[in-house]
Each structure stands twice: as C-alpha cells, then as structure tokens.
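Counting starts at 1 for both ligands and their atoms, following the listed order. This chain uses plain numbering: 1 for the first residue, then up along the sequence.
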Amino acid sequence: MGVTIKDVAERAGVSISTVSLVINGKGGVSDELKEKIEEAVEELNYHPNAMARGLKSKKSKVLGLVVPDILNPFFPQVIKGIEDAAKCYGYTLILGNTDGKMEEEARYLHLFVEKCVEGIIFIPSGTFNKNIRLFREIKVPRVVIDRALDDIKVSTVMTDNILGAYLGTRHLLANGRRRIIFVSGPPNLQASKDRYAGYIKALDEFGIKEKIVEYGNFTFESGKMVTTDALEKKTKFDAIFAANDMMAFGAMVVLAEKKIAIPEEVEVIGYDNILFSSLSKPSLTTIGQPAYDMGYEAVKIVLREIFTKKRNSYVSKLLEPKLIIRESRPRRN
Ligand code: RIB
C-alpha cells in the first residue's frame, strides 16, 4: 500500500481534512501548517490515491495543460493548436494558468493526478525548476512546450530561438543599427538564453563588441520599465530588440511619449508575431513563432506516448522562426 493521506497528516501533525485542503489548493490553512504539510508530502513522496490506482488503468480521455500567462496573446495561439489536436483524438483539456507561480504549477500537477489525466502538456514558468522533482515523479506521458527544462529528460516542442534572434538582430544591423538593446525575458528560461545567444551571434558576425542587455519578464510593463531606465541612464542606443512583442509594445509607448521617432531614430523589433504586432502604429517587425503548430505537435507527441505506452522515448521538435518585416526602414544617414 503506498503512502496515504493519513500518513501525511500524521507526519505533519494535522488532520486529514487539513492535508486535503492544502493538496487541493483550497484556502483556510496557515502558511506555517501549509509548509509543514508540503514538507511531509515531499518527504513521504506522497501522491493522491489516483496515482496509487495507476494512471495507466484510467482512460479519462483528458489532457492537463499548464500555461504561465494566459493574458499574453502568444499563449492562446498555442492553446488553439492544442485544443484542435486534442479534439481530433476525442480528448478534452484541463487548462491551468499559473501566472508564473511555482506553487500554482505544483497545485495543477497534483490536480492532474487527482483527475487521472492521461497526459500533461506543460509550458513552464521561470521558477519551474523548483517543481522538477514533482514533475519527474508523476509518471504520466508529458511534453514541454517552448521552454526546455534543465536536467530532466522530457519531450519538447519549441521554436529555434537562436536562429530567430539571430535573424532579428541581423536585420537591425543590415538597417545600419549599431547600438542595439536586447531586452531579454526571464534569464533562467531556455527561450531567453537562446534568444540572447542569437543576438550575440549576429553582433559577433558584424564585429560589434558592445552588447547592451536588459532584463524584462515578457510583460508590457517590463518593456516600458526597461526602456524608461535606459533613457534615464542616458544609454546610447539606436534600436531595441525585445524578446517578445509585449515588451516591444512597452518600449514603443515610452519612446513615443519621449517623442523619439520609431523607426527613424530608434528601430524596435519584437518576437512572437502576435496579432497586435500587425496593428500597432508603426506596425511591428517581429520574429514569427509557429505557435499553433507548437501546440498541435505537442499533443501528437504526448498522445503517441499514451497510445504506444513507450516510455523514455523523447522527442525534441525545433520549429522554424520567420523574420516578419513591417514598418522598419534602414537608418537615415
Ligand atoms: O511572449 C511570451 C514568450 O514566452 C514567448 O516569446 C514564448 O516563446 C514564451 O517563451
């Protein structure tokens, strides 16, 4: 008999109902007790009894999906691809939005086990590495989209972000830009590291020594903040390469407020090619990600593992980025 909720309650010195409140993410439990219960769950390697029943015996026809920021227009495109593929195979989704919080990621992973999902599709947040152990222990077919994880073997589907950022930076350099601020996403995300690598690769090719790197968190506000800081620090720059469109919009708003002409004085490019990038004034040059295909491919990978019951066969799919040039024009000499 595996570890039971009763064992966890005894270890933590609380009632079974208190443990149940915590593992189901319900409120009403003090932080101190919550921490004690989470430690007991970790120490006893407890998983709710759906795990003990053995997920493989359950045909729930349900997939669990976790996204870090449902308000970022990039993710709904991915979700559409996931949903369309799941529907094709008669599966439904449980969608969890974590707002980048690791405790929310853990809560949804526990919930997916409780609900006996047959597979998990995961877009991790920047703090996911703290949930790696839990993710590894849940023996359910899974696939990670967009943000590869360190030290865990798992199938992944993502864009070739090194190539994408290389194309974007090279485009700016070809337009005569020489002082390009790269606004990165959260530094610990593989997508951020790869886009930074693409930026460096293009600068090195052009013999540009000075790298100007700032860090945002993929939100509009962080794009505004980084640009405001750069102007206040009197950083000299003639272009901003934001590692996603939302941060690029933030940068454009600040530049416009300061009456800095875009793209004549400062060219701005983004990454993702969300719908608004074609509607902004000026329209935004960006790097297109095949977001819908990322979602669709991810479902095919996880279902293949479910149907074939082949464990430990990892697939890593790298999809093609595309430079989408809009109202950019070469630097005025
Ligand atoms: O805009 C959100 C960003 O987070 C996208 O670039 C996507 O690739 C993800 O990493």
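Counting only heavy atoms of the protein, atom 5 (C) of ligand 1 lies nearest to Asp272 OD1, 3.2 Å. Looking at atom 4 (O) of ligand 1, its nearest protein heavy atom turns out to be Arg147 NH2, 2.8 Å.
Remark: Lys36 does not engage Asp31 in a salt bridge, criterion side-chain N to carboxylate O under 4.0 Å. Note on Glu103 versus Arg107: no salt bridge recorded, every NZ/NE/NH1/NH2 to OD/OE distance being 4.0 Å or above. Ion pairing of Lys101 with Glu105 is absent here, as no side-chain N (NZ or NE/NH1/NH2) approaches a carboxylate O to less than 4.0 Å.
Residue contact check: Asn72 has heavy atoms under 4.0 Å from atoms 1 (O), 2 (C) of ligand 1. Atoms of ligand 1 found under 4.0 Å from any heavy atom of Gln289 (numbered from 1 in listed order, with element): 5 (C), 6 (O), 7 (C), 8 (O). Within the listing of ligand 1, atoms 1 (O), 2 (C), 6 (O) sit less than 4.0 angstrom from a heavy atom of Asn244. Near Asp146, the atoms of ligand 1 lying under 4.0 angstrom from a non-hydrogen atom of the residue are 7 (C), 8 (O), 9 (C), 10 (O).
Partners of Thr159 by side chain to side chain donor-acceptor pair (under 3.5 Å), not counting sequence neighbours, listed by chain and number: Gln289.
At a 4.0 Å cut-off, at least one heavy atom of Arg195 sits close enough to ligand 1 to count as contact. For Met246, the closest heavy-atom approach to ligand 1 does not fall below 4.0 Å.
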Indicate every side-chain donor-acceptor pair of residues 294-302 with a distance under 3.5 Å to a residue at least two apart or in another chain.
residue: Glu297; atom: OE2; partner: Lys300; partner atom: NZ; Å: 3.4

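Ring centers of Phe182 and Phe241: under 6.0 Å apart, within the cut-off.
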